Structures are given as C-alpha cells and as structure tokens.
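Structure record follows, encoded as structure tokens.
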Amino acid sequence: MITPFETSQVRSGTISYGVSSYGYDIRVASEFKVFTNVYNVVVDPKDFDGRSFVDVVGEDCIIPPNSFALARTVEYFRIPRDTMVLCVGKSTYARCGIIVNVTPLEPTWEGFLTLEISNTTPLPAKIYADEGIAQLLFFQSDEEPEVAYADRSGKYQKQTGVTLPKI
C-alpha cells in the first residue's frame, strides 16, 4: 500500500516519519511549487495559470510569509478498496504556523500525494525535504464502496509529480 515503507518511526535528527502509533507519517519530496504574485495572476482552479508559482528543487524550501507551496510525497500509495485514508498535519510544523491541508485518499486511489503547505505566519518558513510533513490515518470499512475512485476514472489517479488542479 505504501512504497517505500518504513516499518518503524525514524526520528534521529529529523522531523519524524514512518509507522506511528495509529498511522503513518509521510515525507515531503524535494520538488516544490511555491506560489508567487510576481505576475499578478488570479489563482483559478478551472483555468490554472502556471505563472502562479516558481519551481524549487532542493533539500529544503522557503515558503514566503502568508503564502503556500505545493509538494508531493516521497511515498507512492495504492489504497485498498475497503480503506479510506485522511491526511493531517504534524504538530511540529503546526506549532510553527505551517499547515498541511487535510486531504482524503479514497478507496482504490493510487499515486504520489500532492500536498498543499500553507505558511500562516508573517515570516518566511522552512520545509525540509525527505522528512516528515503529515500523518495518514487509515479507516477500514466492513463494506466496500459501490463505486470507488478507480471505477470512476478519478482525475488524479496515478499522478506522479506535483499535480496542479484539474477540471
């Protein structure tokens, strides 16, 4: 279901990732799309303008004050048909005013998870690549959904990189 998979929590000198008490702490990859208003474009989910962001690749990423970035996970997911997964932020970042958007991973969804990371502070915020960014909580049902994500050809199925909004 998760590749690569850490069987225990990795903590030494890093923001933790891997198996936790009741979930799994995911890592953020080294690819970021940091939003900027240099071109003064409107962020429109129906007509997304690529000039809304700058690409950053590296060991860390600085998110400007009151701004946000898109990133992807290091891990690739294959969610079983009887499982729903919810993504919540880690307290280490939350205590710094950095919020990871709550994102569902629906039954039969597959791919790298695209994350929205908000810096709610009036100061620049640093995000560390290849370290923990959020926690996944798994909910297994005793019944499978009648129609799952793959059945309806979900638009974000098998996404590979940081995926922008689609209609």
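Just so we're clear, the structure is a prediction, and the values are computed from it rather than from any experiment. Sequential numbering from 1 along the given sequence is applied to the chain's residues.
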- Share the residues that join V42 in a hydrophobic cluster, the rule being Ile, Leu, Val, Met, Phe, Trp or Tyr side chains under 4.5 Å apart at the heavy-atom level. none
- Item | With sequence neighbours excluded, residues passing salt bridge (charged side-chain N to carboxylate O under 4.0 Å, His left out) with D82 | none
- Query: Just wondering, do S52 and V41 contact through their side chains at under 4.5 Å, heavy atoms?
  - Reply: yes
- Query: What pairs meet the salt bridge (charged side-chain N to carboxylate O under 4.0 Å, His left out) rule with one or both residues in residues 61-77, with sequence neighbours excluded?
  - Reply: R27-E75, E31-R72
Acceptor/donor pairs from residues 6-16 side chains to any protein atom, 3.5 angstrom cut, sequence neighbours excluded:
residue: Q9; atom: NE2; partner: D25; partner atom: OD2; Å: 3.0
residue: T14; atom: OG1; partner: E131; partner atom: OE1; Å: 3.1
residue: S16; atom: OG; partner: K90; partner atom: NZ; Å: 2.9

- Item | Side-chain hydrophobic cluster, 4.5 Å single linkage: members besides F35 | V43, F48, F53, F68, L70, V162, L164
- Query: salt bridge (charged side-chain N to carboxylate O under 4.0 Å, His left out) with D55: which residues, sequence neighbours excluded?
  - Reply: K33
- Message: Run the salt bridge (charged side-chain N to carboxylate O under 4.0 Å, His left out) test against D151 and tell me which residues pass, sequence neighbours left out.
- Response: R81
- If every non-hydrogen atom of G58 is compared with every non-hydrogen atom of A129, which pair is closest and at what distance? O-CB, 3.4 Å
- Test ring pair (Phe, Tyr, Trp, His ring centres under 6.0 Å) applied to Y93 - qualifying residues, sequence neighbours left out: none
- Message: Please enumerate all residues that pass ring pair (Phe, Tyr, Trp, His ring centres under 6.0 Å) together with F77, with sequence neighbours excluded.
- Response: none
- If you measure only the distance, is there a donor-acceptor pair under 3.5 Å linking the side chains of E116 and S118? yes
- Residue pairs meeting salt bridge (charged side-chain N to carboxylate O under 4.0 Å, His left out), one or both in residues 56-70, sequence neighbours left out, come to D60-K126
- Query: Which pairs count as side chain to side chain donor-acceptor pair (under 3.5 Å) when at least one residue sits in residues 34-45, sequence neighbours excluded?
  - Reply: none
- Query: For Y22, does the OH atom have more than 12 heavy-atom neighbours from other residues, nucleotides or ligands under 6.0 Å away?
  - Reply: no
- Remaining members of the apolar cluster that contains I167, side-chain heavy atoms under 4.5 Å: none
